[in-house]
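Here the structure is laid out as structure tokens; the discussion comes afterwards.
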Amino acid sequence: MSVPVPRDELEEARRAQLIEVTIDSLADVGYVGTTLAQIARRADVSPGLVAHYFGDKDGLLEAAFRTLSRGIATRVRAALALAGTPRGRVQAVIDVNLAPEEFDRRTGTAWLAFWGQVLHVEGLKRVQAAYQRRMLSNLRSDLRSMIPGEEARSLAAMIAAMIDGVWLRAALSQWQEADSGSARSLLTAFVDGRLRDLTQPHGAAAASATRSAPASGAAESGSHKVSGTITVVNPATGAELAELAVDGAAQIDAAVEEASAAQKRWAALTGAERGRVLQRAAQLLRARNTELAELETRNTGKPIQETVAVDVLSGADCLEYYAGLAAGIAGEHIDLGPKAFGYTRREPLGVVAGIGAWNYPLQIACWKSAPALACGNAMIFKPAELTPLTALELERVFAEAGLPDGLFQVVQGRAETGRLLTRHRGIRKISLTGEVGTGKAVMADAAPTLKQVTLELGGKSPLIVFEDAKLDNAVAGALLGNFYSAGEVCSNGTRVFVHRSIRAAFIERLRVRAAALRVGDPLDPRTQVGALISTEHMEKVLGFIARGRAQGARLITGGNRVTEGELARGCFVAPTVFDHCHDDMDIVRREIFGPVMSVLEFSDEDEVIARANATEFGLAAGVFTNDLTRAHRVIAQLQAGTCWINHYNITPVELPFGGVKMSGLGRENGRAALEHYTQLKSVYVALSDVESPY
Ligand code: NDP
């Protein structure tokens, strides 16, 4: 019995066969001899069928070129995943691009035929540009872990040029002048030599001289120079994951200059064209979900069951959402009577910067870059020093999706590198996710250049459970709002107000479910609570727990560091619930950013609203009740930017997200974010003569 093959698969197989035949034909009879009729003859199909799949000869050759280029991209990706160090990853790019099969006569001649036509055929030009961008971006981001950004940029360009050059000479000499092995040895020796020069003392001196050279007057680095490296650590094991060079003033100036040039080209595209690139980036993120989720888990300590379901995919959702909106970004027409009309244009700001926190590194990078890019801006993004790795992967994804070089750049560093961005005259806006104190500092630094700011800051949000609430849902909401990502979520509902009539029942169900949460190796799919971000942060969280006890809160469950077996190497804290809390306790007033929930009792609606609002923060709030009239009445009175009724911590990209009071300014997500990444231009159009008193 034969299983029917779906039509799509049959078509795909037919296309693939025709592409293979085209590559054979290019090798045999060259570019000029390869025609639709000739391909049809070789494949034993009608020329009409070839035209049906590919349109014309250019379409067929573009598809063949794309297949070869995709093949290399896939092999590079697999080799990168296996390489353990940045130097190993650079080598992987060299080895795959100069692998024996690239020196094989059939593939090599086909490549040569393409290179010969790239300047004349638009489709081939596009494929070649994407191939180059991908190679440069892969090389650049790994070299940047070893040498300063500018040197990395230029060495990446040299390596790419040498790969192409060595291969081309070999091809033109009919594979006499070099084979795969000698070509790879040549490149390896070159890269080792350059890295030695750049990292030896005289090289370092030269590098730091470049960094401190007076920059085009743009970046002001403050009182001391910004340099050095960042060591990235897995907080669950203490293992070192990477070492990255810190970007200083010269690198930031160069990044802004490059971003500014790219932004002009990008803004000249239509919204629909920009949207297509973002859409491709979303697809690439989805395709790499497992691999990126694992990287995020290693870097943040969050359980893989979360990162695989949320972190990467919510970033992809965001890119898709703004890809869709990009074509609809528009101003309005304003009727000014018979003699005039007006219209507004919604224009990009130019180069903008994103500065991320460490709890949702990839998601934050997407939440900022997707609307910024959709609106026609360029973005320079600085991830938190503790979690810088997945933003680099996003940079690669954007390059592969076809974003112009320099339009989205990741810079690395600590607060001082962030300050270089916030004070830069060439940057028009800062979008920060971070603590309230950082928000104030960013706003102050942005003031002299009157930059716009979006601030997504901390919180101490209330979650109110009324007596008529469905108890299991309320308990589930409280667990979600306190222990997801080990409590390292800005909008967490850490002040859980429970009506006195149901407090005992609520506490009992909560205790059982919280105590059952599985703390463990973040890479184990069964783990529900992973590691905190660092030892320093864990000490801070344990300090709050100690103060909670000292100030009289009753510990219901947790309250300790978890050190069983291998977990002793990492920063694990048991999900902790305190009952009998009071409004003036430290654990109730201050943001802990860890798995610590405080339960408070209340008696009536007005009282709980007043107590919920008695905080400087205003990020989020939740209400559990079956009385929908009350739900809306209470929500309307809560001072919070993001609210949930009968749920907690759900953040679909369609809904604007952000805080009031000290929790922030501006909004991310939803259509609202478009306003924060564009500026309005008003245009008055006269339809009559100028009436002048002069
Ligand atoms: P921080 O405020 O410490 O850091 C945030 C980012 O700002 C980091 O990249 C940091 O660099 C950088 N930075 C620090 N100081 C400056 C400065 N003076 N100028 C420019 N940049 C600077 O926050 P965390 O990373 O510790 O994140 C936790 C905080 O973020 C919590 O308060 C949490 O509530 C908040 N948050 C808010 C969210 C929201 O949407 N409202 C979402 C997630 C978190 P580096 O760390 O590399 O030194």
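One-based numbering, in listed order, for ligands and for the atoms of each. Both backbone and side-chain heavy atoms feed into the values below; hydrogens, waters and symmetry mates do not.
Summarising the geometry, atom CG belonging to Leu349 is positioned 7.0 Å from atom NZ belonging to Lys429; distances are rounded to the nearest 0.5 Å.
The closest approach between any non-hydrogen atom of Gly439 and ligand 1 is not below 4.0 Å.
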Worked check of side chain to side chain contact (heavy atoms under 4.5 Å, CB included) between Gln452 and His676:
CA-CA 8 Å; Gln452 301 195 27; His676 296 294; 5.6 Å; no
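Protein heavy atom nearest atom 2 (O) of ligand 1, with residue, atom name and distance: Thr438 OG1, 2.5 Å. Nearest to atom 36 (N) of ligand 1 among the protein's heavy atoms is Cys490 CB, 3.4 Å.
Against a heavy-atom cut-off of under 4.0 Å, Arg419 is close to the following atoms of ligand 1: 17 (C), 18 (N), 19 (N), 20 (C).
Looking at Ile355 against ligand 1, only its side chain comes within 4.0 Å, counting heavy atoms. Using a 4.0 Å cut-off between heavy atoms, Ala441 contacts ligand 1 through its side chain alone, with no backbone atom that close.
Residue Arg414 places no N or O, backbone or side chain, under 3.5 Å from any N or O of ligand 1.
Ring centroids of Trp367 and Phe657 are separated by less than 6.0 Å, placing the two rings close together.
Side-chain contact check for Glu395 versus Phe381: every heavy-atom pair is 4.5 Å or farther apart.
Between Asp247 and Arg144 there is a salt bridge, with a side-chain nitrogen of the basic residue lying less than 4.0 Å from a carboxylate oxygen of the acidic one.
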